[in-house]
Amino acid sequence: VRARGGGATRRALALAAAGLLVAAGLACTPDHERVATPVPTTTTAPPAAASTCTAPPEESVASYAPNGVTPEAAKAQTIRKDVLVAGVSADTYLTGFRDPNANIVGFDIEILREVARSLFGDPNKVELKVLTVDQRLPALQRGDVDIVAHSFTVTCARWEQINFSAEYLRAAQRLLVSTDDAAAERTTLDQFAGRKVCATKGGTGMDNLTKNYPKVIGVPAADRTDCLVMFQQGSVDAILNGDNLLAGFTAQDPYARVVGGPLTQEPTALGTKKGNTDLTRFVNGVLEEVKRRPSTGGLDDHSWQGMYDRWLKPALGPASPPPAVYGRTP
Amino acid sequence: VTAAGPISAAGPPAPVAAPGAPTAASLPAPAFAAPPPPRRRLSSLLAGTPSRLSALSTVTVLALLAFGIVGALAIGARASALADARSDAEQLVRLQLIRTNLVQADAAAANAYLAGGLENPAQRDQYRASIDAAAQGLVAAANAAPAEDIGPLAQINASLARYTGIIESARANNRQHFPVGAAYLRQGSTLLRTDVRPVLIATSDATANRVLDDYDASARATLALEVVSILALVVLLGGQVWLARTVRRVFNVGLVGATGIALVVGIIGLVAMSWAQGRAEEVRQHPYAAVAALAQARVNAFDAKSQESRNLIFQGSGAGDTDWKALDAEVTRQLDAATAAGASSLADRLAAWRAVHEEIRRLDDGGEWKAAVVRSTGDEAGSSNQEFAAFARASQDELDAEVAETRDGLDRAHLPLVTVQLLVVLAGAIAAACAGYGYARRLAEYR
C-alpha cells in the first residue's frame with residue numbers, strides 16, 4: 001500500500017480515523033482544537049519584494065528547536081488533521097519521481113513518510129500533490145499543502161515567506177555539461193559565457209546565474225527535468241542545479257557529466273507554512289530521530305543513512321547526515 | 001458616311017432615348033434592314049421613321065442578347081459560388097478533423113503515460129491511428145487549400161514531425177524507467193498547444209469565413225440577373241409602345257413573342273436563383289451549422305479527455321478540475337447548438353462519460369488515486385476510456401451524416417442551375433431573333 005492508493009485498507013483506516021476524530025470531537029472540548037487551528041487566509045506574506053537578505057544559504061539553516069512539542073499541537077496545524085498534505089516533485093529522478101507502477105518514490109518522499117509515521121502513526125498518511133519548482137512557495141503560502149519535500153534549498157529570502165525544517169541533506173550547486181565539453185575541460189560557468197545554461201524557474205540556480213554570471217545566457221525551465229530535455233535536444237549547453245538533482249540526470253543520460261567544484265552550498269530542508277511553528281518543531285524532532293537511527297541495511301531501514309544509501313549513495317558517494325542547527329525564535 | 005456594320009460596332013446605346021438624338025456619330029444600322037438610301041446626311045439618318053425603326057431594332061436585339069449572356073453568367077456565378085461553399089465547408093471539416101486527431105493522439109499519449117509501466121497496445125494503436133489520420137488529413141487539406149493556407153499547413157506538418165519525435169523520446173525513456181520521459185511528454189503536449197493549435201484555429205476560422213463569403217457572392221449574382229431582365233423588358237415594351245403610336249399597329253408577333261420569352265425565362269431564372277439560395281440557406285442553418293458545432297464539440301471533448309489524464313498526472317496541483325468543467329460546459333453548449341441545427345442529440349452519451357469522470361474525481365479527491373487511475377486508464381466496460389470511445393464513435397457517425405447532408409444539399413442547390421443557365425442563353429438568342437424579325441416586318445412596309 002503506497003502513496004494515496006491502497007483501496008480497502010486505506011479506506012478502512014480513513015474511516016477509523018474519521019470515526020476517532022468524531023468521537024474525540026464529541027468527548028473533548030472542541031473549542032480548544034479550534035483555537036489551535038491557524039486561520040488560513042490571514043497570513044499571506046508580502047510578495048518576494050527586494051529582500052534585504054544577503055546571507056548565503058549555509059548561514060540560514062537555523063530552525064526551531066523541537067522542544068518536546070506534542071503530535072497534537074503539530075496535527076492542529078495541518079490542513080486535514082488526519083493526513084499530511086505534501087507538495088512533491090514527480091519527475092526528479094532519485095529524490096521524487098514516478099516509478100514504473102506510477103507511484104511517486106525517492107529520497108525526499110521517504111523522509112516525508114517518516115514525518116507521517118511519527119505524526120499519524122502510518123507512513124502512508126500522506127496525500128501527495130505534484131508541484132513545479134516555482135509553485136512551491138505559493139502552495140505553502142496559500143495553504144494548499146502542509147509541507148513541501150521537493151529538494152527545497154534553505155535561503156534567507158525564503159525564510160521571510162515560509163518556515164524551514166532543519167537541514168536533511170547538504171547539496172551543492174554544480175554544473176552539468178556534455179561529455180564533449182567535459183573532455184575539453186570546460187568546467188566553469190565563466191567558460192560558458194555567451195552559451196546557454198538551463199536552470200529551473202524559481203530555483204536558486206537561476207538566481208545565481210542572473211546575479212553573478214551576466215555573460216551566460218540563462219534559459220529558464222518550468223520544471224527541473226525540462227532542463228534535461230533541452231540539454232538532450234541540444235537547445236542548451238549545460239545545466240546548473242544541485243548535485244543531488246544532477247546525479248539523477250547523469251543516471252538517465254550517459255553523455256552528461258557533472259563538472260567543476262561546488263559553486264554554492266544548497267542546504268536542503270522541508271518547507272512548512274510561515275506561522276506553523278509547532279508543526280516545524282515536530283518535523284525537526286522527527287528528522288533528529290531519523291538521523292540518529294542506526295542503519296540496518298534491510299528493506300525496512302528507515303534510518304537517514306539507510307535511505308541515503310538506497311537512493312543517493314550510488315550517484316553521490318558516501319555521506320553522513322548534516323547536523324541540525326536550531327536557535328531561531330518565532 | 002454609311003452606317004457602320006451590324007451589332008458589333010455598337011456601344012451600349014441608351015434604349016429609348018436614341019430617336020431624335022442627332023449627335024450620335026455612328027449609330028449602327030439594323031442588321032436585318034436593307035441598306036439605307038445613299039447620300040443621306042447623318043443628321044437626317046434618324047429623322048425618318050424607318051431609320052428610327054432600324055435603330056430600335058438594333059438596341060432591342062442587343063438588350064436581349066445581353067439578357068441571355070449576362071443572365072447566364074449570373075446564374076453560373078451563383079452555381080460556382082455554391083460549389084465553392086461546398087468545397088470550403090468540406091475543407092473546414094478536414095481541418096477540424098486534424099485538430100481532433102491531434103488532441104486524440106495527445107490524450108492517448110497522456111493516458112498511456114498515466115497507466116505506467118509497459119504501454120497498453122490498444123492505446124499505442126489509438127495513438128498511432130490518430131497520428132496517421134492527422135498526417136493524411138494534412139495532405140488532403142493541403143491539396144484542397146487556397147495558396148495562402150499552404151504555408152500554415154506546411155508549418156503544422158513540420159510541428160507534427162517534431163511532436164512524434166518528442167513522443168518517441170518519451171516512450172524510449174519511459175521504457176528505461178527514466179522520469180525524463182514525463183518531461184518529454186509534457187514538451188510534446190505543450191508543442192501541440194502553443195505551436196499547432198493556434199495555427200489550425202486561424203486556418204479553420206479563415207475557411208469558415210470563406211464559406212460565408214461564398215454565400216455573399218452567391219447572393220450578389222441575383223442582382224445582375226434582375227438588372228438584365230428588367231432592361232430587356234423595358235426595351236421590348238418601350239419599342240412596342242412606340243410602334244403602336246407611330247405605325248398604328250398594336251400587335252407585332254415577333255415582339256410579343258420575344259417579350260413572352262424574356263418574361264417567362266427571366267422569371268424562371270429568378271425563381272431558380274432564389275430557390276437555390278433558399279436551399280443553400282437551409283443547408284447553412286441546418287446541416288452545415290450542425291457540422292461546425294459537432295466538429296468543435298469533438299475537439300473540446302477530446303481535449304477534456306486528455307485534461308482528465310493530466311489532472312491525475314499532476315495529482316491535484318494546478319487548476320484542478322476547473323479546466324475540465326469549462327471544456328465540458330463548452331462541449332454541452334456546442335452539442336445543444338448541433339441539436340438545434342437538426343443533429344440527433346448526443347447529450348446522453350456525453351452524460352455517461354461525465355458520470356465516469358465525476359466518479360474518478362470523487363475517488364481521487366477521496367484519496368484513492370490508484371483506483372481513480374484504474375478507472376481512467378482501464379479498458380473494461382464502464383471505464384472512462386470505454387464511455388468516451390462510445391461518445392467519440394457516436395459523434396463521429398453524427399458528424400459524417402451531417403457532412404454528407406451538407407454536401408448533398410449544396411449539390412442539390414447548385415446543379416439545377418446549370419440547366420437554367422443553358423435555358424437563359426437559348427431564350428436570349430431566340431428572343432433576339434424574334435424581336436429582329438418583328439422590326440424587320442415593319443421596316444419592310446417602308447420599302
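Predicted, not measured: the structure shown is a model, and the values here were computed from it. Order of the sequence lines fixes the chain letters, A, B, ..., with proteins taken first and strands second; residue numbering starts at 1 for each chain.
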Can you give the donor-acceptor pairs under 3.5 Å from side chains of residues 373-381 of chain B to other protein atoms, not counting sequence neighbours?
from, atom 1, to, atom 2, distance (Å)
Arg375(B), NH1, Glu359(B), OE1, 2.9
Arg375(B), NH1, Glu359(B), OE2, 2.9
Arg375(B), NH2, Glu359(B), OE1, 3.4
Arg375(B), NH2, Gly382(B), O, 2.9
Ser376(B), OG, Glu308(B), OE2, 3.1
Thr377(B), OG1, Val373(B), O, 2.8
Asp379(B), OD2, Asn120(B), ND2, 3.0

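In the displayed structure, Arg193(B) atom CZ is contacted under 6.0 Å by more than 12 heavy atoms of other residues, nucleotides or ligands. Around CZ of Arg349(B), the count of heavy atoms belonging to other residues, nucleotides or ligands within 6.0 Å does not exceed 12.
The two atoms that bring Pro179(B) and Phe97(A) nearest to each other are CG-CB, 3.9 Å, heavy atoms only.
Residues of residues 221-242 of chain A lying within less than 4.5 angstrom of chain B, judged on heavy atoms, are Asp223(A), Thr225(A), Asp226(A), Leu228(A), Val229(A), Gln232(A), Gln233(A) in numerical order.
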